[in-house]
Each structure stands twice: as C-alpha cells, then as structure tokens.
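First up is the structure itself, then whatever we jot down about it.
Computed over heavy atoms, backbone and side chain alike; hydrogens, waters and symmetry mates excluded. Within every chain, numbering begins at 1; the chains are lettered A, B, ... in the order of the sequence lines, protein sequences first and strands thereafter.
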Amino acid sequence: MQLYEQHPLKIHNSLGGKKENFKPLKEGYVGMYVCGPTVYSNVHLGNCRTFMSFDMMFRYFRHLGYKVRYVRNITDVGHLENDSDDGEDKIAKKAKLEQIEPMEVVQRYTVDFHNIIKQFNLLPPSIEPTATGHIVEQIEIIKEIIENGYAYVVNGSVYFDVVTFNEKFDYGKLSGRKLEDMMANTRQLTAQSEKRNPQDFALWKKAEEQHIMRWPSPWGDGFPGWHIECTVMSTKYLGRTFDIHGGGMDLKFPHHECEIAQAEASYGKAPVNYWIHTNMLTLNGKKMSKSIGNNVFPHEIFSGDTELLSKAYAPAVVRFFMMQAHYSSILDLSDDALQASEKGYHRLMDAISILEKLETGSKSDFDVQTWRQKCYDAMSDDFNTPILIAHLFDAVKHINQIKEGNEMITEVDLNLLSDTIKAFVYDVLGIAPASEAQGDSNNLDGVLNLLIDLRNEARANKDFQTSDKIRDELVSLGIQLKDGKDGTTFSLN
RNA sequence: GGCAUCGUGGCCGAGUGGCUAGGCACAGCUCUGCAAAAGCUUGUACAGCGGUUCGAAUCCGCUCGAUGCCUCCA
C-alpha cells in the first residue's frame with residue numbers, strides 16, 4: 001500500500017477557487033507542469049520562491065509514492081517587449097544591448113539559474129524543455145487554431161481571436177474576468193494596430209529586419225508569441241489533459257488564461273485539472289520585480305553583501321524561512337524575519353543531530369504515531385508547510401526533554417521519530433542536512449573535541465580565564481559550545 | 001476604473017463558528033564557575049462599523065487600508 005492511499009491529498013485549485021480532493025488522471029502517476037524562468041537576466045529571490053514551492057510539492061508527491069513527471073520549461077524566446085507592432089523579443093533586445101549572440105545570453109542565465117537553484121537544494125525536474133527547441137510544434141498548433149477558426153493572419157503575424165473563442169468557450173474563467181468588462185475597460189484600438197480587438201494576443205509575430213531571433217513559418221519569418229510555448233511543451237510531455245499546472249500568481253492573467261484558450265481552441269478540451277498559483281515574495285511590502293528594480297539576488301543573501309541585511313544567510317536558512325509561510329500567502333522578506341528563521345532552523349537541526357545520542361527506555365512519553373499522522377495531515381491539506389513545521393517543533397521539544405532525562409522513549413518509537421522527522425525535513429521540505437550545510441569534516445571534529453577537553457581541564461582547575469578564552473574565541477569563529485549534563489557539544493553557525 | 005487576494009499579539013506567520021498553532025524577541029525561574037544551549041512559566045491577538053447566531057477573529061454587508069493583475073515579470 002502506497003502512502004498516498006493512506007494520506008489523501010487536498011489541493012486548492014485556482015480554477016474554481018476551492019480545495020479539492022486530488023485525484024490524478026492515472027492512479028499512482030502525477031503530471032505537473034510549471035512555468036519556468038525567462039533567461040534574460042539573473043533569477044531573483046522571488047523567482048526562487050515559486051520554484052522552491054513547486055519543488056516542495058514535487059518532493060511530497062514523490063514521498064507519497066507517486067511517480068511524477070515534472071516538466072519545468074526554460075523560456076529562451078518569445079516574450080514580447082510591448083504590444084506595439086514593432087514588438088521585439090526580450091532576449092534579442094538584451095543581446096543587442098550587450099553586443100552578443102542571443103543564445104549566449106540564454107546560456108549565461110540558464111547556467112546562473114541552475115547554479116542558484118542547486119544551492120537551494122531543488123531537485124531537477126524530469127524534463128526541462130526550451131521554447132526554442134519546440135518551434136516546429138508551436139507552428140503546428142498555431143495552424144490548428146487557425147483551421148479551427150480561432151485565429152487570423154495579418155501581415156505575417158497570427159493573432160488569437162478572443163471574441164470568436166468566447167462565443168463557444170469561456171475566456172476569463174481562470175482569472176474571474178468577463179470579456180465584456182475587459183473590453184469596456186480598454187481604450188480604443190489605435191488605427192494602425194493589426195489586432196481586431198485589444199484582447200487578442202499574438203500566437204506568431206512577424207520578425208522585422210533587425211530582429212535576430214527568427215524562424216521560418218507558413219506566415220513568413222518570425223517568432224512565437226509568449227503563451228504558445230507553454231501550451232505546446234506541457235501537452236507534448238504530459239498529454240492533452242494533465243493533472244497539475246503551476247506558476248506564480250502574476251501569470252494567472254493573461255498567460256495561463258491564454259494557455260487554456262489555446263488548448264481549447266486547438267484540442268477542444270480543457271488542458272489542466274488542477275491549477276496551482278504561488279504567491280509573491282515581497283520586499284519592503286512591494287513585489288519583487290526585475291523591471292522596477294525592487295529585488296534581491298540570491299548571491300547577495302548568501303554573501304550578506306546588500307544593505308538590506310545585517311549578515312549573510314545560508315541557502316538552507318532561506319529555504320526554511322520560505323517554508324514557514326504557506327505557498328499561497330504573500331511573504332515579506334526582511335532581516336528580522338530571516339534572523340528569526342535562522343535561530344529556528346538551528347534549533348530544529350540541533351534536535352535532529354542529537355537523535356542518535358538519545359537513550360531509549362521501556363516506555364514512551366511521546367505519542368509518535370499520532371504526531372506522525374499530524375505531520376501527514378498538515379502536508380496533505382494543500383501542502384501546509386507552516387503547520388508541518390509547527391509539528392516538527394513539537395517533536396523538537398520532546399527530543400530535548402528526552403535528552404534532559406525528563407521524558408522517555410522506546411527504541412521503536414525513537415526509530416520512527418527519527419525516520420519521520422528526517423523524511424519531512426530532508427526529503428519533503430528539502431532542507432539540507434546539517435553536515436552538508438555546515439561543511440562537516442572529521443578533522444574539525446577532532447580539533448574541537450581536543451579544545452573541549454582542554455577547556456574542561458581548565459574548568460576543573462578553576463582556570464576560567466583559559467576556559468573562557470577558548471569558548472569566546474570559538475564563538476568569534478562561529479562555533480558555539482554547549483555545556484550539557486552529559487558533557488560539551490558544539491554547533492557551527 | 002475593473003478583477004483578484006488579503007488585513008491576526010513586539011516581529012514573522014498558521015488556523016478556525018464555541019475546546020488557546022508554531023517560530024523569533026521579551027521577562028522570571030531551573031541548570032551553569034559565569035555564560036551560551038536546553039527546560040519550565042507568563043503574554044489571550046485577530047483593521048473599523050453593522051448584521052446573522054445561544055456563541056464570530058472565523059459567515060454576510062459596508063467602510064478604510066495593503067498588495068497583485070488588467071502591458072513583460074515567479
């Protein structure tokens with residue numbers, strides 16, 4: 001029996017706005033697509049939060065025993081700079097600015113993205129397709145949409161006909177908008193626009209002479225519109241209808257709305273059963289955004305090299321900080337909040353590290369079975385990581401009590417406790433084990449144990465000057481000694 | 001202007017029609033040579049105004065405020 005049978009999962013579906021019981025199309029398998037980064041600049045921390053949230057979901061699905069195909073794309077072409085007719089591709093624009101090949105820009109920032117994501121301990125997706133690798137498929141689906149009567153060609157460009165589409169399908173069902181309202185709220189089209197209606201969006205854009213990223217198509221040389229790549233790459237690898245589609249809240253409209261429209265206009269059916277949208281990470285109460293410059297880069301956090309922070313924070317601490325908030329809530333980044341998380345993180349990790357040293361007894365004062373169930377209940381209730389973490393701290397309390405000799409635990413329970421807490425912290429939350437995060441080494445252990453011995457000798461001789469010197473010097477090196485009942489231990493910061 | 005989300009104790013952040021999340025900070029105590037760590041104890045918050053209810057912070061309405069989307073953005 002798989003874990004997913006014992007712990008049924010509920011997911012908040014953005015389409016409809018309700019929590020629903022999760023039922024995959026094929027039992028035991030999950031298909032999940034997440035809109036990945038546009039690689040024309042470094043990822044900022046806000047981007048990372050989204051990918052981290054979906055990484056956590058990916059991990060929990062796997063933990064539950066599902067076989068998951070997780071597709072996260074790389075957008076390396078296609079974002080129109082603006083809606084005007086000379087709209088050019090963001091990546092191409094950046095390339096011209098820096099006098100290099102567009103694919104060089106793509107390469108540089110893709111490498112940066114992978115590097116950062118790895119430090120945050122994200123698992124690689126099953127497939128990471130690129131938009132430029134699927135031009136042929138994009139052209140094919142555009143042809144289909146034209147044949148079905150939901151798109152029109154103007155002067156080498158192809159536009160999706162929202163009004164015609166809306167007659168048969170419902171444009172706006174994901175974002176809760178009505179086409180009439182949208183049209184009423186839009187200014188009149190300028191005379192020179194090619195579009196029949198301001199709400200129409202580009203499926204294919206004609207490339208002007210100076211446009212360097214271009215591909216031949218039945219409508220002339222050009223490049224694909226922003227929304228079509230996701231429709232193509234998701235359905236190609238997951239099927240025309242698949243389980244989960246995720247992305248940041250800011251993509252709900254128009255991007256995801258358009259994806260639904262494109263899929264329905266071509267294949268005639270809804271592409272996705274469960275839409276999941278993660279909320280924004282804010283900085284000073286405002287959304288992080290590349291375009292307005294309100295952002296923090298991960299390397300600035302890791303190095304502490306920013307005016308926003310008083311010190312550097314390890315990737316695992318940042319990850320723990322993010323997991324303390326629900327994925328669907330706005331999270332505001334601040335130095336105070338990170339500091340609080342860092343302390344909590346160390347408390348949790350210290351408890352895990354003393355698990356092996358605990359002595360077992362004849363009975364348990366801690367109901368591990370019930371606690372374990374609560375952990376699953378939290379995660380299975382729309383991936384409620386903050387509640388899970390609250391339960392983990394409940395266990396921390398008991399672990400410390402057992403260490404102090406105030407409580408007892410049986411060997412069986414201790415093993416279950418140990419396995420469960422490690423599974424949730426390491427495997428599900430994706431928080432790196434202490435040894436990895438702290439750069440463990442046996443040499444260091446040996447040296448520290450020697451220093452601890454020397455200090456304890458000094459203390460025994462009441463030579464507190466020496467003992468305090470050892471302790472204080474170590475603290476300034478980031479090593480904290482902890483005197484307990486059963487001797488002295490240390491932890492690294 | 002339209003649509004959406006949200007407003008919780010010093011800070012961060014869950015949750016919910018009645019039975020006190022959690023973390024951090026603060027205070028007292030225990031332990032300690034002194035600290036740190038750990039443990040124990042204390043904090044009764046839910047924007048405002050109405051309404052529904054035996055009972056609402058939780059449901060409904062209004063007001064105020066914040067944020068997001070409506071043009072590229074996770």
Side-chain angles (χ1 to χ4, degrees), chain A residues 14 17 34-38 40-41 43-54 75 79-84 87 89-90 93 172 175-178 181-182 184-186 198-199 226 246-255 257 277-282 285-292 295 320-321 324-326 328-334 336-348 350-351 354 378 381 384-394 396-397 399-401 403-406 459 462-464 467-468 471-472 475 480-485 488-491:
Chain A
S14 310
V34 171
C35 293
T38 304
Y40 65 87
S41 65
V43 272
H44 64 247
L45 204 63
N47 300 301
C48 293
R49 183 187 182 202
T50 295
F51 301 130
M52 217 181 274
S53 294
F54 287 107
T75 297
H79 281 206
L80 300 181
E81 182 66 19
N82 55 49
D83 219 13
S84 66
D89 190 297
K90 255 195 177 163
K93 187 181 179 191
S175 53
R177 289 156 208 251
K178 287 200 170 14
D181 295 346
M182 285 187 254
N185 278 307
T186 320
Q199 269 63 46
W226 171 37
M249 205 72 115
D250 49 353
L251 296 184
K252 204 171 182 181
F253 188 89
H255 184 55
E257 198 72 71
H277 288 98
T278 57
N279 219 136
M280 301 294 105
L281 179 70
T282 59
K286 293 253 188 276
K287 179 190 177 186
M288 281 198 200
S289 164
K290 290 173 187 175
S291 41
I292 59 172
N295 55 16
F320 179 72
F321 161 72
Q324 276 184 301
H326 190 84
S328 65
S329 300
I330 293 172
L331 212 207
D332 193 54
L333 183 91
S334 67
D336 286 350
L338 279 173
Q339 260 181 36
S341 290
E342 185 174 54
K343 292 199 176 163
Y345 166 81
H346 284 304
R347 187 150 174 258
L348 178 61
D350 287 350
I354 65 168
D381 184 15
N384 201 323
T385 53
I387 295 283
L388 169 68
I389 289 171
H391 292 319
L392 294 179
F393 276 107
D394 195 35
V396 167
K397 208 168 206 175
I399 290 168
N400 287 325
Q401 287 283 23
K403 187 193 77 177
E404 295 285 311
N406 297 331
R459 291 171 74 200
K462 299 211 186 296
D463 178 7
F464 298 124
S467 66
D468 287 356
R471 183 181 69 198
D472 297 342
V475 166
Q480 180 72 59
L481 296 186
K482 298 172 183 177
D483 295 328
K485 269 186 186 157
T488 304
T489 56
F490 66 89
S491 66

Fill in the blank from the handout: Of B/rG13, B/rA74, B/rA21, the nucleotide closest to the side chain of A/L331 is B/rG13
Practice task
Using the P atom on both, measure B/rG61 against B/rU71 and round to a whole Å.
Solution key: 28 Å
Practice task
Hey, which sits more toward the 5' end of RNA chain B by its nearest nucleotide, A/A340 or A/S175?
Solution key: A/S175
Practice task
Output yes when at least one side-chain N/O atom of A/K343 is less than 4.0 Å from OP1 or OP2 of B/rG23, else no.
Solution key: no
Handout entry: Same-atom distance (P) from B/rA36 to B/rC24, integer angstrom
Key = 15 Å
Practice task
Report yes if at least one side-chain N or O of A/N384 is closer than 4.0 Å to OP1 or OP2 of B/rG15; otherwise report no.
Solution key: yes
Practice task
Could you tell me whether A/G36 contacts a base, only the sugar-phosphate backbone, or nothing, with contacts defined as non-hydrogen atoms closer than 4.0 Å?
Solution key: sugar-phosphate
Handout entry: Gap in Å between the two C1' atoms, one belonging to B/rA37 and one to B/rA74, rounded
Key = 39 Å
Exercise for the section: Quickly work out the A/H326 NE2 to B/rU5 C1' distance and round it to whole Å. Expected result: 13 Å
Problem - Donor/acceptor link under 3.5 angstrom from A/D483 side chain onto base of B/rA35 - result: yes
Exercise for the section: Using a 4.0 Å heavy-atom cut-off across all strands, classify A/S329 as base, sugar-phosphate, or nothing. Expected result: sugar-phosphate
Problem - Distance in angstrom units between A/K178 NZ and B/rC70 P, rounded - result: 19 Å
Practice task
Give a yes or no on whether a donor-acceptor pair under 3.5 Å exists between the nucleobase atoms of B/rC69, that is its base, and the side chain of A/R177.
Solution key: yes
Fill in the blank from the handout: From the candidates B/rA25, B/rC34, B/rA74, the one with an atom nearest any side-chain atom of A/D468 is B/rC34
Problem - Under 4.0 angstrom between A/S53 side-chain N/O and B/rA74 OP1 or OP2 - result: no
Exercise for the section: Tell me whether the OP1 or OP2 atom of B/rC40 has a side-chain N or O from A/Q401 closer than 4.0 Å. Expected result: yes
Problem - P-based separation of B/rU67 from B/rC62 [nearest Å] - result: 22 Å
Practice task
Give a yes-or-no answer on whether the side chains of A/H391 and A/D394 include a donor-acceptor pair shorter than 3.5 Å.
Solution key: no
Fill in the blank from the handout: Whichever of A/C35 and A/P386 has the more 5' nearest nucleotide on RNA chain B, that residue is A/P386
Fill in the blank from the handout: Among the nucleotides B/rA74, B/rC69, B/rC12, whichever has the atom closest to the side chain of A/A337 is B/rC12
Problem - Nucleotide nearest A/Q324 when distance is taken to its side chain, options B/rC11, B/rG23, B/rC12 - result: B/rG23
Practice task
State plainly whether the residues A/D468 and A/R471 are in salt-bridge range, i.e. N to O under 4.0 Å.
Solution key: yes
Practice task
Please check the phosphate of B/rG23 (OP1 and OP2 only) for any side-chain N or O of A/R347 closer than 4.0 Å.
Solution key: yes
Handout entry: A/K482 side-chain proximity, nearest of B/rG22, B/rA37, B/rA74
Key = B/rA37
Problem - Nearest-0.5 Å distance, CG of residue A/N295 to OG1 of residue A/T282 - result: 13.0 Å
Handout entry: Pairwise P distance for B/rU58 and B/rG48, with rounding to whole Å
Key = 10 Å
Handout entry: P-based separation of B/rC29 from B/rG68 [nearest Å]
Key = 47 Å
Exercise for the section: Working to the nearest 0.5 Å, report the span between CG of A/N279 and CZ of A/R49. Expected result: 6.0 Å
Practice task
For B/rA56 versus B/rU44, give the span between their C1' atoms, rounded off to a whole number of Å.
Solution key: 16 Å
Handout entry: Nucleotide nearest A/E404 when distance is taken to its side chain, options B/rC24, B/rG33, B/rG39
Key = B/rG39
Handout entry: Rounded P spacing from B/rG13 to B/rG7 in Å
Key = 11 Å
Exercise for the section: Give one of base, sugar-phosphate or nothing for A/L338, where a contact means two heavy atoms less than 4.0 Å apart. Expected result: nothing
Handout entry: Euclidean distance, atom CG of residue A/D472 to atom P of B/rA36 [Å, nearest integer]
Key = 12 Å
Exercise for the section: Compare side-chain N and O positions of A/N400 against OP1 and OP2 of B/rA38 and report whether any pair is under 4.0 Å apart. Expected result: no
Problem - Base B/rA35 to side chain A/R471, donor-acceptor N/O within 3.5 Å cut-off - result: yes
